[in-house]
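This report refers to the structure that appears directly beneath it.
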Amino acid sequence: DAGVIQSPRHEVTEMGQEVTLRCKPISGHDYLFWYRQTMMRGLELLIYFNNNVPIDDSGMPEDRFSAKMPNASFSTLKIQPSEPRDSAVYFCASRYSGGRVAFFGPGTRLTVL
Amino acid sequence: DQQVKQNSPSLSVQEGRISILNCDYTNSMFDYFLWYKKYPAEGPTFLISISSIKDKNEDGRFTVFLNKSAKHLSLHIVPSQPGDSAVYFCAVYTSGTYKYIFGTGTRLKVLA
């Protein structure tokens, strides 16, 4: 089975533009997580879903960030409008509720100019 | 405030010697602990884990130690190899929350 798939791998955009990051979790996994990696804060949890329902979005930094999971095989993280301080690597991860380990995708490196 | 701390941002070790990576946490409710390894331009990959009912778990060259009274976790790599050079993250988890909290990472460099 393929691992967690993220697209795009790299995104360069200008301040004020809308950015959409995409994730396809591992088939059969019922939990999906969005993380952001920065030098200062390491891996921060932004939001996670269970069975497509958002459970905890307390890590979402501002209203400019939103996440959806319309079905079990697809999730998006949207930033509108984007700002230079949003530049980071964004990871999606998934896990099966019967397991203990989260599996990460390769990440999307976002640069906002 | 950070609930999980990796106080050493970097560590250099000679090939063949032991690498010891440390992690401290604040909340005694955490009951599962994991180490992930991350290479550049890749996502973190699971390495080894330990439940709070144990104090040691071993998998080949990798051993994780848990000291609950000190709220301290460590990863030992013996012997270290150049391919182990990566960033290592510790993560903690409380059963029922399904929420992983990560440390800031330690960059390990194994010198040939």
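Bear in mind that the values here come from a model prediction, so they are computed numbers and not experimental data.
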So which part of [X] gets closer than 4.5 Å to some heavy atom of chain B, the side chain, the backbone, both or neither?
{"X": "A:R109", "answer": "neither"}
{"X": "A:R41", "answer": "backbone"}
{"X": "A:Q37", "answer": "side chain"}
{"X": "A:M39", "answer": "neither"}
{"X": "A:S58", "answer": "side chain"}
{"X": "A:L43", "answer": "both"}

### Query
Do you know which of A:S97, A:G107, A:A93, A:G59 has the most heavy-atom pairs with chain B at a distance under 4.5 angstrom?
A:S97
### Among B:I101, B:T104, B:V4, B:V87, residue most engaged with chain A (heavy-atom pairs, under 4.5 Å)
B:T104
### Message
Side chains of A:S82 and A:T13: any donor to acceptor distance under 3.5 Å?
### Response
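A:T13 vs A:S82: no donor-acceptor pair found between side chains.
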So which part of [X] gets closer than 4.5 Å to some heavy atom of chain A, the side chain, the backbone, both or neither?
{"X": "B:Y100", "result": "both"}
{"X": "B:Y98", "result": "both"}
{"X": "B:S95", "result": "side chain"}

If you count heavy atoms of other groups shown closer than 6.0 angstrom to [atom1] of [X], is the number above 12?
{"X": "A:E14", "atom1": "CD", "result": "no"}
{"X": "B:Y32", "atom1": "OH", "result": "yes"}
{"X": "B:K68", "atom1": "NZ", "result": "yes"}

### Message
Under 4.5 Å between side-chain heavy atoms, counting indirect links through other Ile/Leu/Val/Met/Phe/Trp/Tyr residues: same cluster for B:L66 and B:Y93 or not?
### Response
no
### Query
Going hydrophobic residue to hydrophobic residue with side-chain gaps under 4.5 angstrom, can you get from A:V4 over to A:Y90?
no
#### Entry: Option passing side chain to side chain contact (heavy atoms under 4.5 Å, CB included) with A:K24 (candidates A:S73, A:S75, A:S7)
A:S73
#### Entry: Whether A:H29 and A:F103 hold their rings parallel, tilted or perpendicular, with breakpoints at 30° and 60°
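Because their plane-to-plane angle lies in the 30° to 60° range, the rings of A:H29 and A:F103 count as tilted.
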